[in-house]
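See structure below.
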Amino acid sequence: MTHTLAEEFPEHADHITALKLNDEEFARLAKEYHKVNHEIEGLEACNLPISDAEFEGLKLRRHQLKEQIYNGWFNGKG
């Protein structure tokens with residue numbers, strides 16, 4: 001399963017595109033989210049060696065970024 005921001009927040013897909021272009025902070029967080037997500041998906045697809053702690057750390061960072069994006073832009077505060 002993929003975890004792109006548009007898939008995580010399908011109701012905000014158009015808004016995500018606009019925010020990436022017009023909001024520097026959102027764009028920075030989205031870029032970091034994409035990088036971490038891409039790394040996780042690559043590790044899963046290729047079954048590359050990584051410690052459980054490192055892998056869980058990546059997943060935790062992805063979750064933190066998702067929460068930060070949601071709380072900052074999609075829950076009525078932003």
Side-chain angles (χ1 to χ4, degrees):
M1 178 180 176
T2 60
H3 293 272
T4 66
L5 287 175
E7 291 168 325
E8 293 292 324
F9 305 113
E11 67 279 15
H12 299 290
D14 291 338
H15 194 202
I16 289 168
T17 300
L19 284 167
K20 284 180 183 178
L21 296 172
N22 300 308
D23 187 312
E24 198 173 298
E25 178 68 6
F26 183 90
R28 183 187 67 74
L29 291 172
K31 185 175 181 176
E32 184 179 352
Y33 179 92
H34 174 75
K35 180 182 174 204
V36 172
N37 186 54
H38 184 73
E39 187 173 355
I40 291 168
E41 289 178 354
L43 289 166
E44 289 174 334
C46 297
N47 200 23
L48 295 174
I50 185 172
S51 73
D52 287 344
E54 288 176 293
F55 190 67
E56 290 303 315
L58 286 170
K59 288 173 30 177
L60 175 61
R61 182 62 186 144
R62 178 176 64 185
H63 177 75
Q64 290 169 335
L65 288 163
K66 180 181 165 184
E67 288 292 312
Q68 189 173 359
I69 288 167
Y70 177 79
N71 288 326
W73 284 271
F74 301 142
N75 73 349
K77 292 182 183 177

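This is a predicted model, so every value here is computed, not measured. No hydrogens, no waters, no symmetry mates; every other heavy atom, side chains included, goes into these values.
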Worked verdict on R61 versus Q64 for side-chain contact (heavy atoms from CB on, under 4.5 Å):
CA-CA 5 Å; R61 182 62 186 144; Q64 290 169 335; 3.6 Å; yes
Kindly check if the number of other-residue, nucleotide or ligand heavy atoms within 6.0 Å of CD (E24) is above 12?
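No.
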How about CG on N22, more than 12 heavy atoms from neighbouring residues, nucleotides or ligands closer than 6.0 Å, or not?
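Yes - once you tally the heavy atoms of other residues, nucleotides and ligands closer than 6.0 Å, there are more than 12.
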Candidate pair V36 and E39, rule side-chain contact (heavy atoms from CB on, under 4.5 Å), full reasoning:
CA-CA 5 Å; V36 172; E39 187 173 355; 5.6 Å; no
Considering residues at least two apart in sequence or located in another chain, which fulfil the ring pair (Phe, Tyr, Trp, His ring centres under 6.0 Å) criterion with F26?
W73
Any idea how H15 and H12 line up, ring-wise: parallel (<30°), tilted (30 to 60°), or perpendicular (>60°)?
tilted
What verdict does the side-chain contact (heavy atoms from CB on, under 4.5 Å) test give for L43 and L58, after you've listed the backbone C-alpha separation in whole Å, the side-chain angles of each residue and the deciding distance to 0.1 Å?
CA-CA 11 Å; L43 289 166; L58 286 170; 3.7 Å; yes
Take K35 and H38 through the test side-chain contact (heavy atoms from CB on, under 4.5 Å) and record every step on the way to the result.
CA-CA 5 Å; K35 180 182 174 204; H38 184 73; 5.8 Å; no
Between atom [atom1] of [X] and atom [atom2] of [Y], what is the distance when rounded to the nearest 0.5 Å?
{"X": "E44", "Y": "K59", "atom1": "CD", "atom2": "NZ", "answer": "7.0 Å"}
{"X": "L19", "Y": "D14", "atom1": "CG", "atom2": "CG", "answer": "11.0 Å"}
{"X": "K31", "Y": "L65", "atom1": "NZ", "atom2": "CG", "answer": "13.5 Å"}

Which atom pair, heavy atoms only, marks the closest approach of H3 to E41?
N-OE2, 3.2 Å
So which heavy atom on A30 is nearest to which on L5, and how close?
CB-CD1, 3.7 Å
Check the hydrophobic clustering (I, L, V, M, F, W, Y; side-chain heavy atoms under 4.5 Å; chains of links allowed) and say if L60 and I40 are grouped together.
no
Distance-only, no hydrogens or angles: does the N37 side chain make a donor-acceptor pair with backbone N or O of Y33 under 3.5 Å?
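It does not hold such a pair.
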Residues in side-chain contact (heavy atoms from CB on, under 4.5 Å) contact with H63, at least two apart in sequence or another chain:
E67
